[in-house]
Amino acid sequence: AINAALRAEGVGVDCEISVLLTDNEGIHELNREYRNVDRPTDVLSFPANELTPGEFDAEMCDIDPETGRAFLGDMAISLEKCAAQAEEYGHSFERELMYLTVHSTLHLLGYDHDGGEDEREMFAIQENFLDALGLKRS
């Protein structure tokens with residue numbers, strides 16, 4: 001899902017993303033520590049760079065001197081929350097996990113969803129990625 005999102009966004013350089021798969025307790029702790037939000041969530045994204053959505057520029061990224069990869073940031077996903085949401089929305093765990101992964105990857109590439117047109121654009125991109133991966137919404 002990460003590679004598909006990067007390709008679709010025109011990222012033509014090798015990248016590095018740190019991924020933490022955790023439970024509700026683990027993501028709750030991260031949410032409280034880094035966002036001052038005292039509850040678990042499904043996914044957290046911590047971009048390493050300030051990128052413009054849809055306009056990836058490797059020169060704006062931190063480059064790992066040993067690997068030459070552009071470091072995009074960190075993501076954390078609660079597998080516990082993922083399973084609950086998959087059941088709630090009536091689709092597979094795999095689809096929900098891919099959804100959360102693509103969602104976080106887009107955040108690392110500068111997208112946000114504070115409402116309005118940006119939110120509609122981000123969510124449309126996510127659905128297109130999942131459709132391309134054969135994970136259409138039921």
Side-chain angles (χ1 to χ4, degrees):
I2 291 171
N3 287 333
L6 293 176
R7 277 192 305 275
E9 284 297 302
V11 177
V13 299
D14 288 340
C15 295
E16 186 174 323
I17 295 173
S18 173
V19 179
L20 172 67
L21 301 176
T22 188
D23 58 11
N24 283 347
E25 184 179 332
I27 208 158
H28 184 168
E29 185 177 315
L30 291 171
N31 208 15
R32 185 175 48 241
E33 182 176 341
Y34 292 102
R35 297 182 60 230
N36 293 319
V37 177
D38 193 18
R39 63 177 167 77
T41 188
D42 51 4
V43 63
L44 291 170
S45 307
F46 302 97
N49 315 286
E50 291 189 30
L51 300 174
T52 302
E55 299 176 19
F56 180 78
D57 182 357
E59 291 183 15
M60 298 294 294
C61 297
D62 293 332
I63 304 296
D64 183 320
E66 291 181 25
T67 66
R69 293 182 183 134
F71 181 65
L72 298 183
D74 305 311
M75 73 173 68
I77 298 173
S78 168
L79 296 179
E80 195 175 344
K81 194 76 139 165
C82 179
Q85 288 178 176
E87 186 174 323
E88 177 183 345
Y89 300 136
H91 53 244
S92 70
F93 177 84
E94 178 188 23
R95 187 196 190 281
E96 186 65 17
L97 182 58
M98 295 302 108
Y99 177 87
L100 296 174
T101 301
V102 167
H103 182 88
S104 186
T105 302
L106 290 176
H107 277 307
L108 300 182
L109 293 173
Y111 286 89
D112 208 348
H113 51 83
D114 291 335
E117 187 58 35
D118 291 342
E119 183 170 324
R120 282 190 292 280
E121 179 184 9
M122 183 176 178
F123 285 97
I125 290 169
Q126 290 170 183
E127 291 303 324
N128 288 337
F129 288 161
L130 292 170
D131 288 352
L133 293 171
L135 297 167
K136 294 182 185 243
R137 187 173 287 227
S138 302

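Since the structure is predicted, the reported quantities are computational estimates derived from the model, not experimental observations.
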Separation between CG (Asp38) and CD (Glu29), nearest 0.5 Å, reads 11.0 Å

To the closest 0.5 Å, what do you measure between CG (Asp14) and CG (Asp64)? 11.5 Å

Honestly curious: do Val43 and Leu30 fall in one hydrophobic cluster under the side-chain, below-4.5 Å linking rule? no

Main chain of Leu97, side chain of Thr101: is a donor-acceptor contact present, judged purely on distance under 3.5 Å? yes

Quick one: does Glu25's side chain get under 4.5 Å of Glu80's, heavy atoms only? no

dist Leu6:CG -> Leu109:CG (nearest 0.5 Å) comes out at 6.0 Å

Classify the ring geometry of Phe46 against Tyr34: parallel below 30°, tilted from 30° to 60°, perpendicular beyond 60°. perpendicular

Going only through I, L, V, M, F, W and Y residues with side-chain contacts under 4.5 Å, is there a path from Phe56 to Met75? yes

Value rounded to 0.5 Å, distance of OG1 in Thr52 from CE in Met60: 7.0 Å

Check whether Asp42 reaches the backbone of Lys81 with its side chain - one donor and one acceptor, N or O, closer than 3.5 Å. no

Say whether, by atom type as modelled, one donor and one acceptor occur between the side chain of Asn49 and the main chain of Phe71 under 3.5 angstrom. yes

With clusters defined by side-chain heavy atoms of hydrophobic residues (ILVMFWY) lying less than 4.5 Å apart, directly or transitively, does Leu44 cluster with Leu51? no

Would you please say whether a donor-acceptor pair under 3.5 Å links the side chains of Tyr111 and Gln126? no

Minimum heavy-atom separation for Cys82 and Glu96, please, with both atom names. O-CG, 3.4 Å

Least distance between heavy atoms, Cys15 atom then Arg69 atom: O-CD, 3.7 Å

Given Ile2, which of Leu108, Thr105, Val102 fulfils the side chain to side chain contact (heavy atoms under 4.5 Å, CB included) condition? Thr105

Step through the shown structure and confirm whether more than 12 heavy atoms of other residues, nucleotides or ligands are within 6.0 Å of CD on Glu50. no

Determine the minimum heavy-atom distance between Ala58 and Ile63, stating which atoms define it. O-CD1, 4.1 Å

Nearest heavy-atom neighbours spanning Ala76 and Ile27: O-CD1, 3.5 Å

Hey, what's the ring geometry for His107 with His103, parallel, tilted or perpendicular (30° and 60° as the breaks)? perpendicular

Got Val37 and Arg32 here, is their nearest side-chain heavy-atom distance under 4.5 Å? no

Any donor-acceptor pair under 3.5 Å from His91 side chain to Ala86 backbone: no

For a 4.5 angstrom cut-off between non-hydrogen side-chain atoms, does Leu72 reach Cys61? yes

Answer whether the closest heavy-atom distance between the side chains of Ile125 and Glu9 falls below 4.5 Å. yes

Can you find a heavy atom in the side chain of Asn31 that is under 4.5 Å from one in the side chain of Arg35? yes

Do Glu127 and Arg95 meet the salt-bridge criterion of a basic N to acidic O distance under 4.0 Å? yes

Nearest 0.5 Å, please: how far is CG in Leu20 from CD1 in Ile77? 9.0 Å

